[in-house]
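The chains referred to below are lettered A, B, ... by the order of the sequence lines, with proteins before strands, and numbering in each begins at 1.
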There are 2 protein chains.
Amino acid sequence: MGKDRDIIEHCSSTVVHEDIVEQVRKKMPEDECLFDLAELFKVFGDTTRVKILFALFTAEMCVCDLTALLGLTQSAVSHQLRVLKQARLVKYRKEGKMVYYSLDDDHVKQIFDQGLAHISH
Amino acid sequence: MGKDRDIIEHCSSTVVHEDIVEQVRKKMPEDECLFDLAELFKVFGDTTRVKILFALFTAEMCVCDLTALLGLTQSAVSHQLRVLKQARLVKYRKEGKMVYYSLDDDHVKQIFDQGLAHISH
DNA sequence: CGAACATATGAACATATGTTCATATGTTTG
DNA sequence: CAAACATATGAACATATGTTCATATGTTCG
């Protein structure tokens with residue numbers, strides 16, 4: 001244990017402002033919370049999924065129409081809808097062979113608006 | 001051209017609700033805008049970057065302290081700070097050999113709050 | 001029931017991403 | 001100037017991600 005002291009401590013191990021680091025650490029949310037937040041934004045971090053969500057802002061849509069709208073494979077659309085569903089961002093309704101997807105969240109719109117606000121400087 | 005009509009059109013090429021697709025298409029933002037939005041959220045879609053931003057909510061910090069806080073390599077932290085800088089989310093201030101980073105955006109906090117609101121059901 | 005169709009899912013593949021290691025840059029101080 | 005140090009950057013690597021192809025599932029209708 002004592003031997004460790006002999007090691008010259010560089011930036012990677014030295015805290016320059018211990019007080020600030022402590023203060024910051026206390027205010028940090030739980031690791032799990034931060035992880036979940038990053039996971040949520042990861043879902044928003046893909047053009048296809050963003051397009052799907054924007055589309056659903058306007059209207060409920062079936063997979064078929066989304067496929068036509070996006071110009072992708074039906075498979076790709078289904079895969080992405082699954083991701084959105086797992087994130088509890090969209091819900092679906094079956095009507096015969098068709099499946100209609102719609103928004104299942106109140107926050108997305110506001111999050112997107114804030115994001116757009118950032119983009120436009 | 002006439003020959004195309006003979007092709008049996010499956011879901012991938014048929015629009016079931018032409019009117020809705022048209023209506024949705026009209027309301028969709030420019031592709032570039034959607035791309036930029038996804039790019040922004042991609043930046044939020046990583047735990048390390050989320051942690052950095054949360055840290056900077058509390059206080060301006062130097063790379064050294066961030067490195068200690070995050071338990072990562074100094075290199076990793078610098079790389080991620082560069083990403084945040086490129087997205088105009090953080091700004092920096094040099095003081096001797098130290099570089100202090102701080103938030104450079106008003107929207108992040110609100111975006112994160114909305115995100116957290118979604119997570120907690 | 002069997003054909004047609006809308007959707008879902010698994011495997012495969014190419015690309016993107018985050019981390020570390022090694023090293024460069026730039027500043028301070030003896 | 002040289003050593004010490006804080007930060008930045010490039011290369012390399014392992015892993016994650018999004019798409020397509022092939023196929024499965026489930027529904028409608030003759």
query = Passes side-chain contact (heavy atoms from CB on, under 4.5 Å), A:L89 versus B:H118? Steps please.
reply = CA-CA 9 Å; A:L89 294 169; B:H118 172 78; 3.6 Å; yes
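For B:D104 and B:K85, the salt-bridge test fails: no basic side-chain N is under 4.0 Å from an acidic carboxylate O.
The distance between the ring centers of A:F57 and A:F112 falls below 6.0 angstrom.
A straight line from CE of B:M98 to C1' of D:dA8 spans 15 Å, rounded to a whole angstrom. Remark: C1' of C:dT19 and CG of B:L81 are 14 Å apart, rounded to the nearest angstrom. Residue A:R93 contributes atom CZ, which lies 12 Å from atom P of C:dT7 at whole-angstrom precision. What separates CZ of A:R49 from C1' of D:dG18 is a distance of 8 Å, to the nearest Å. C:dG18 atom P lies 10 Å from atom NZ of B:K42, rounded to whole Å.
Both B:V90 and B:V99 sit in one connected hydrophobic cluster of ILVMFWY residues. Membership requires side-chain heavy atoms under 4.5 Å apart, directly or through other members.
Evaluation of atom-type donor-acceptor distances gives a pair under 3.5 Å for the side chain of B:Q74 against the base of D:dA8. The base of C:dT7 does not come close enough to the side chain of A:S75 for any donor and acceptor atom to sit less than 3.5 Å apart.
Dashed line: the shortest gap from a side-chain N or O of B:S78 to OP1 or OP2 of D:dT9 is not under 4.0 Å. The side chain of A:Y92 places no N or O atom within less than 4.0 Å of a non-bridging phosphate oxygen (OP1 or OP2) of C:dA6.
Here A:H79 does not lie in a stacked arrangement on the base of D:dT19, lacking the combination of planes under 30° and ring centres under 5.5 Å apart.
Counting any heavy atom pair closer than 4.0 Å across all strands shown, B:Y101 reaches sugar-phosphate atoms only and no base atom.
Across C:dT20, C:dT7, D:dT20, the shortest atom-to-atom separation from the side chain of A:C64 is found for C:dT7. Here the side chain of A:R82 is nearest to one of D:dA8, D:dT20, C:dT9, namely C:dT9. Distance from the side chain of A:V63 is smallest to C:dT7 among D:dT19, D:dT7, C:dT7.
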request  = Sugar-phosphate atoms are those with a prime plus P, OP1 and OP2; base atoms are the rest. Using that split, label each nucleotide of nucleotides 24-30 of chain C B, S or - for protein heavy atoms under 4.0 Å, 5' to 3'.
outcome  = ---SS--
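Comparing A:D46 and B:A76 by the nucleotide of DNA chain D that holds the closest heavy atom to each, the one mapping nearer the 5' end is B:A76.
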